Number of protein chains: 2
Amino acid sequence: MKRNSRLSSTLHILVHMAEKPEQALTSEELATFIHTNPVVVRRTIAGLRDAGIVTSSRGHGGGWLLGRAPEAISLAEISAALGETLLPFSTEPESPGCLVEQAVIAVLDDFRVAAEKLLAEKLSRITLADLTADFRRRYDLIGVSSHAV
Amino acid sequence: MKRNSRLSSTLHILVHMAEKPEQALTSEELATFIHTNPVVVRRTIAGLRDAGIVTSSRGHGGGWLLGRAPEAISLAEISAALGETLLPFSTEPESPGCLVEQAVIAVLDDFRVAAEKLLAEKLSRITLADLTADFRRRYDLIGVSSHAV
DNA sequence: TTTCATGTAACTTATTTAGTTACGATAAGC
DNA sequence: GCTTATCGTAACTAAATAAGTTACATGAAA
């Protein structure tokens, strides 16, 4: 799994889970989808469990299932559950007391608040069901679902 | 200079430059504002020179000046000149041929294009002049411009 | 021609994040 | 119960990224 691909990797996993709604998929199986290992998967999607987006069960026959219908899972929730930041820049003060820095941070934070609201709104309108629908469209067109390396 | 603070650090520098419009500031001086060293400053704002946002001159009495009026310098241009990405997530394929991944990337890229347009629009409406105005407001209120450590 | 500045390559250091190992807890099947 | 399969998580290692540093060439003013 590459850097900065936690969101896309997680979506990849979730679409696979949505395609097998009644079958618990193990961390091992999920890991192969995104070319990583089970521990990274558990660590990555632990937040989704806390958010109720997925459930996990231990022991024989255990694994991961969606916590609710794909229609009820938005990308905004997923992104938030991953702890992802939508805007990458920092506004941490480095020169406390500098009025120039304070002005810069104030303006940048205003922008950030407005921008995050906008992005969250856009992301909340895209659901996991939209992704699975897009996948099925491609599948029906090509008829292949192989995982090429 | 902390990680992910290239944008705010650069804005900090630019406001200082806007406050001394006729005085070329050296990389050394700019570096002290953001607690780093001259080479990092040159490297960081090299893109701004290429974009015409600042000019630099070598030799005795040399240094950096704004390339045009603060009213004509938008945060969108600055961010672009820094080579900053507005959205942090990657959509590089990791499993070429996987239709699930293709669907995920397609949806995410659509979102990215729309989001970047939105953010760039918002940032293009904020100019360096807005930042200096905010700074001056704070300065007039408190009457101190010290750089506390 | 000396001094002061940027430009930039090359290297070092620090930070972050993914990957890995190890092991405890839990649950199903026998 | 015992075995096997699975998650949960801590601790460590490795890789990637970005900042910091050193060094030196280039250019311009005094």
Side-chain angles (χ1 to χ4, degrees), chain A residues 1-10 12-13 17 20 23-67 81-85 88-90 92 94-95, chain B residues 1-10 12-13 17 20 23-67 81-85 88-90 92 94-95:
Chain A
M1 185 167 90
K2 289 195 191 122
R3 274 200 167 202
N4 298 334
S5 67
R6 286 177 63 206
L7 180 57
S8 60
S9 292
T10 300
H12 188 158
I13 281 174
M17 287 170 64
K20 304 264 188 179
Q23 183 187 340
L25 295 175
T26 67
S27 306
E28 186 92 36
E29 291 166 321
L30 298 179
T32 64
F33 294 141
I34 58 171
H35 301 115
T36 183
N37 70 68
V39 178
V40 171
V41 168
R42 287 183 208 124
R43 199 156 58 194
T44 301
I45 65 178
L48 303 199
R49 182 184 51 231
D50 303 338
I53 297 168
V54 298
T55 62
S56 65
S57 55
R58 297 175 160 186
H60 204 118
W64 300 83
L65 286 171
L66 291 185
L82 288 171
E84 296 279 81
T85 162
F89 57 82
S90 156
E92 296 258 306
E94 299 183 49
S95 310
Chain B
M1 184 165 91
K2 289 195 192 121
R3 275 197 166 208
N4 297 334
S5 67
R6 286 176 64 205
L7 180 58
S8 60
S9 292
T10 299
H12 188 157
I13 281 175
M17 287 169 65
K20 305 264 188 181
Q23 181 186 342
L25 295 174
T26 67
S27 307
E28 185 91 36
E29 291 166 322
L30 297 178
T32 62
F33 293 142
I34 59 172
H35 300 117
T36 182
N37 70 68
V39 177
V40 172
V41 168
R42 288 183 208 125
R43 199 156 58 194
T44 302
I45 65 177
L48 303 199
R49 182 184 49 230
D50 303 338
I53 296 167
V54 297
T55 62
S56 65
S57 55
R58 296 176 162 186
H60 206 116
W64 300 82
L65 286 170
L66 291 184
L82 287 171
E84 297 280 81
T85 162
F89 56 82
S90 155
E92 296 257 305
E94 298 183 51
S95 310

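Keep in mind it's a predicted model, so treat the numbers as computed, not measured. Chain letters run A, B, ... following the sequence lines, proteins first, then strands; residues in each count from 1.
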Polar atom pairs between nucleotides 13-18 of chain D and protein, under 3.5 Å, N or O only, would you list them?
unit_1: dT17(D); atom_1: O2; unit_2: Arg3(B); atom_2: NH2; d: 2.4
unit_1: dA18(D); atom_1: O4'; unit_2: Arg3(B); atom_2: NH2; d: 3.3

Give me, pair by pair, the N or O atoms of the protein and of nucleotides 9-11 of chain D that are less than 3.5 Å apart, along with how far apart they are.
unit_1: dA11(D); atom_1: N6; unit_2: Arg43(A); atom_2: NH1; d: 3.2

Practice item. State which residues pass side-chain hydrogen bond (donor to acceptor under 3.5 Å, both in side chains) with Thr26(A); sequence neighbours excluded, sorted by chain then number. Key: Glu29(A)
Review point. Any side-chain heavy-atom pair from Met17(B) and Leu30(B) closer than 4.5 angstrom?
Key: yes
**Study point:** Touch class at under 4.0 angstrom, heavy-atom based, for Gly61(B) against every strand present
**Key:** nothing
Revision key, fill the gap. Rounded to the nearest 0.5 angstrom, the CD1-CD1 distance for Ile34(A) and Ile13(A) is 3.5 Å
Revision key, fill the gap. Sequence neighbours excluded, the answer for side-chain hydrogen bond (donor to acceptor under 3.5 Å, both in side chains) partners of Ser5(B) is Glu94(A)
Review point. What residues form a salt bridge (charged side-chain N to carboxylate O under 4.0 Å, His left out) with Glu84(A), not counting sequence neighbours?
Key: Arg6(A)
Check your understanding: If you round to the nearest 0.5 Å, how far is CZ of Arg3(A) from CD of Glu92(B)?
Key -> 14.5 Å
Point to revise | Greater than 12 external heavy atoms within 6.0 Å of Gln23(A)'s CD | key: yes
Practice item. Establish, with yes or no, whether the OP1 or OP2 oxygen of dT21(D) is under 4.0 angstrom from a side-chain nitrogen or oxygen of Asn37(B). Key: yes
Review point. Looking only at heavy atoms, what is the nearest atom pair of Ala31(B) and Pro38(B), with distance?
Key: CB-N, 3.7 Å
Distance-only criterion, 3.5 Å: show the donor-acceptor pairs between side-chain atoms of residues 43-66 of chain B and protein atoms not counting sequence neighbours.
unit_1: Thr44(B); atom_1: OG1; unit_2: Val40(B); atom_2: O; d: 2.6
unit_1: Trp64(B); atom_1: NE1; unit_2: Ser27(B); atom_2: OG; d: 3.0

Review point. Does anyone know the first and last nucleotide of DNA chain C in reach of chain B, 5' to 3', at under 4.0 angstrom to a heavy atom?
Key: dC4(C) to dT16(C)
Review point. When you check the phosphate oxygens OP1 and OP2 of dA5(D), does a side-chain N or O of Thr26(A) lie under 4.0 Å from one of them?
Key: no
Nucleotide N/O of nucleotides 25-27 of chain D paired with protein N/O under 3.5 Å:
unit_1: dT26(D); atom_1: O2; unit_2: Arg58(B); atom_2: NH1; d: 3.2
unit_1: dG27(D); atom_1: O4'; unit_2: Arg58(B); atom_2: NH1; d: 3.0
unit_1: dG27(D); atom_1: N2; unit_2: Gly59(B); atom_2: N; d: 3.1

Study note, to complete from the structure: Closest to the 5' end of DNA chain C, once Ser5(A) and Ser57(B) are matched to their nearest nucleotides, is Ser57(B)
